[in-house]
Amino acid sequence: MNAAPNWFMYFIVFWAVVMVVAMSIGGFFMFRKFLKVLPMRDGKSKLDWQNYWVERSRSMWGDEAKQFLDELVSPVPTAFRDIAKHSIAAKIGQVAIEHGATSVTREHCIEGYIRATPKRDYRSLVSFLDKKGIDYAPYQHLLNK
């Protein structure tokens, strides 16, 4: 009998490991998405609320606010940028509506951006805002929670 060469066996094992890792990563993100569509106590899911705030604040967004939002989501990798932009826009819209504003301002964008960012990403958020020269001092208390 002629056995397979050692390099071929290592090649098979390598690709098996790569496939398991890739499927695990994909499964993790699919599971996170699944958790977002589960209803909360009020009967609406996190995605339902995001869509609600985006739709309710759609008329409040001016060109300047949209451009500033694009600037704020620029550090997010391209593959995730649309999803991040939607969730950040929802939080910004919620902040603007709760403040009783008639339009979304730069201040609403900064506050909503900070509120929409997970705590684990605060360090990169602060360095990004510092790099862009954006004053977040009035919202420093949100970063210390």
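Sequence positions, counted from 1, serve as the residue numbers for this chain.
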Restricting to non-hydrogen atoms, name the atom on [X] and the atom on [Y] that form the minimum distance, rounded to 0.1 Å.
{"X": "V54", "Y": "A89", "answer": "CG2-C, 4.3 Å"}
{"X": "C109", "Y": "A65", "answer": "SG-O, 4.2 Å"}
{"X": "A90", "Y": "W53", "answer": "O-CB, 3.3 Å"}
{"X": "D135", "Y": "I110", "answer": "O-CD1, 3.9 Å"}
{"X": "W61", "Y": "I92", "answer": "CH2-CG2, 3.5 Å"}

Quick check: are there more than 12 heavy atoms from other residues, nucleotides or ligands sitting under 6.0 Å from [atom1] of [X]?
{"X": "E71", "atom1": "CD", "result": "yes"}
{"X": "D42", "atom1": "CG", "result": "yes"}
{"X": "M30", "atom1": "CE", "result": "no"}

Under the salt bridge (Lys or Arg N to Asp or Glu O under 4.0 Å) rule, what pairs show up with a residue in residues 26-37, not counting sequence neighbours?
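Of all non-adjacent pairs touching residues 26-37, none passes salt bridge (Lys or Arg N to Asp or Glu O under 4.0 Å).
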Answer whether the closest heavy-atom distance between the side chains of [X] and [Y] falls below 4.5 Å.
{"X": "Y136", "Y": "D130", "value": "yes"}
{"X": "F31", "Y": "F28", "value": "no"}
{"X": "L72", "Y": "L129", "value": "yes"}
{"X": "D82", "Y": "V73", "value": "no"}

Could you check W49 against Y52 for ring pair (Phe, Tyr, Trp, His ring centres under 6.0 Å), going step by step and ending with a plain yes or no?
CA-CA 5 Å; W49 278 112; Y52 170 79; 5.4 Å; yes
Give the intermediate values and the outcome of side chain to side chain contact (heavy atoms under 4.5 Å, CB included) for residues I134 and R106.
CA-CA 10 Å; I134 298 170; R106 188 174 177 93; 4.0 Å; yes
Between atom [atom1] of [X] and atom [atom2] of [Y], what is the distance when rounded to the nearest 0.5 Å?
{"X": "T117", "Y": "R123", "atom1": "OG1", "atom2": "CZ", "result": "14.5 Å"}
{"X": "I83", "Y": "Q50", "atom1": "CD1", "atom2": "CD", "result": "10.0 Å"}
{"X": "L69", "Y": "E64", "atom1": "CG", "atom2": "CD", "result": "12.5 Å"}

Could you walk me through whether V104 and F68 satisfy the side chain to side chain contact (heavy atoms under 4.5 Å, CB included) test, starting with their C-alpha distance in whole Å, then the side-chain angles of each, then the deciding distance to 0.1 Å, before giving a yes or no?
CA-CA 11 Å; V104 174; F68 190 57; over 6 Å; no
Parallel, tilted or perpendicular, judged at 30° and 60°: which one describes the rings of Y139 and H141?
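Geometry flag for H141 against Y139: tilted rings.
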Would you say D48's side chain and S45's backbone share a donor-acceptor pair under 3.5 angstrom?
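At least one qualifying donor-acceptor pair exists.
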Check: M60 main-chain N/O paired with S57 side-chain donor or acceptor under 3.5 Å
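Checked: no pair found.
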Taking atom types as modelled and ignoring hydrogens, do the side chains of S124 and D121 form a donor-acceptor contact shorter than 3.5 angstrom?
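On atom types as modelled, these side chains do not qualify, holding no pair under 3.5 Å.
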Step by step, work out the side chain to side chain contact (heavy atoms under 4.5 Å, CB included) result for K85 and D70.
CA-CA 8 Å; K85 187 175 181 179; D70 288 337; 2.5 Å; yes
For residues 93-101, tabulate all N or O donor-acceptor pairs below 3.5 Å that involve a side-chain atom, not counting sequence neighbours.
residue, atom, partner, partner atom, Å
Q94, OE1, K91, NZ, 3.4
Q94, NE2, E98, OE2, 3.1
H99, ND1, V95, O, 3.2

Could you walk me through whether F29 and F34 satisfy the side chain to side chain contact (heavy atoms under 4.5 Å, CB included) test, starting with their C-alpha distance in whole Å, then the side-chain angles of each, then the deciding distance to 0.1 Å, before giving a yes or no?
CA-CA 9 Å; F29 285 107; F34 170 74; over 6 Å; no
